[in-house]
Amino acid sequence: MGGSSVPICGEHHLSKEWRLSAFEYADEGVTVRIPDVYAWVCPVDGEASFTPDTVAELIPTVRELLSIAKRARERRSVLTEYVVAVG
């Protein structure tokens, strides 16, 4: 689980739920979305809070994917969406 105590949503004042969510980051018109990442999620609006360890693991991968997508855009590739799975 993400920690020893359950965080509270600051807006809705409810306990968040530890469940799968999507991590999404956008930069200069390129969006990287990583599905199925565990996070603390508000049960009302679905806003996710990721643990520092999870963010530290995701950031290098997101940076690489942003770089690849920006190079493809510079080549004016007709492909605009990519799905990558490791498993």
Side-chain angles (χ1 to χ4, degrees):
M1 193 176 232
S4 59
S5 64
V6 176
I8 304 296
C9 174
E11 182 177 346
H12 300 104
H13 309 288
L14 296 171
S15 295
K16 290 190 171 192
E17 301 170 348
W18 183 248
R19 62 181 167 97
L20 292 172
S21 186
F23 181 90
E24 192 168 296
Y25 183 82
D27 183 47
E28 296 179 15
V30 175
T31 301
V32 174
R33 184 176 188 276
I34 302 171
D36 300 331
V37 179
Y38 275 99
W40 289 108
V41 181
C42 173
V44 175
D45 63 12
E47 183 175 336
S49 298
F50 299 92
T51 66
D53 289 343
T54 298
V55 173
E57 186 175 340
L58 289 171
I59 292 300
T61 301
V62 168
R63 285 184 180 144
E64 289 179 36
L65 293 171
L66 281 170
S67 177
I68 292 166
K70 287 177 182 179
R71 283 197 308 272
R73 183 176 59 192
E74 288 169 4
R75 288 193 316 269
R76 291 184 167 54
S77 174
V78 296
L79 304 172
T80 59
E81 188 171 331
Y82 309 89
V83 176
V84 178
V86 177

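As the structure is a computational prediction, the values presented were derived from the model and not from experiment.
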Single-linkage hydrophobic cluster Ile59~Ile34, side-chain heavy atoms < 4.5 angstrom
yes
Is atom CD of Glu57 surrounded by more than 12 heavy atoms (other residues, nucleotides or ligands) closer than 6.0 Å?
no
Taking all non-hydrogen atoms of both residues into account, name the closest pair between Lys16 and Glu47 and its distance.
NZ-O, 4.2 Å
Determine whether Leu58 and Tyr38 fall in the same hydrophobic cluster, where Ile, Leu, Val, Met, Phe, Trp and Tyr are linked whenever their side-chain heavy atoms lie under 4.5 Å apart.
no
Over all atoms of both residues, closest heavy-atom pair of Ala56 and Pro60
O-CD, 3.2 Å
Geometric class of the Phe50/Phe23 ring pair [parallel <30°, tilted 30-60°, perpendicular >60°]:
perpendicular
Compare every heavy atom of Pro43 with every heavy atom of Glu17, then report the nearest pair and how far apart it is.
OE2-CB, 3.4 Å
Between His12 and Cys42, what is the shortest heavy-atom contact and its length?
ND1-SG, 3.3 Å
For residues Trp18 and Leu20: do they belong to one hydrophobic cluster (side chain heavy atoms under 4.5 Å, members Ile, Leu, Val, Met, Phe, Trp, Tyr)?
yes
Between Asp45 and Glu11, does the side-chain contact (heavy atoms from CB on, under 4.5 Å) criterion hold? Intermediate values first, please.
CA-CA 10 Å; Asp45 63 12; Glu11 182 177 346; 3.9 Å; yes
Would you please say whether a donor-acceptor pair under 3.5 Å links the side chains of Arg71 and Ser67?
yes
Mind checking the OG1-CH2 spacing from Thr54 to Trp40? Nearest 0.5 Å is all I need.
11.5 Å
Transitively linked via ILVMFWY side-chain contacts under 4.5 Å: Ile68 with Val62?
no
Quick one: closest heavy-atom pair of Arg73 and Glu28, and the distance?
NH1-O, 2.6 Å
Note: Ala39 and Ala48 closest approach over all heavy atoms is CB-CB, 4.0 Å
Please tell me if the side chains of Tyr25 and Leu66 come closer than 4.5 Å, counting only heavy atoms from C-beta onward.
yes
If you count the non-hydrogen atoms of other residues, nucleotides and ligands that lie under 6.0 Å from CZ in Arg63, is the total more than 12?
no
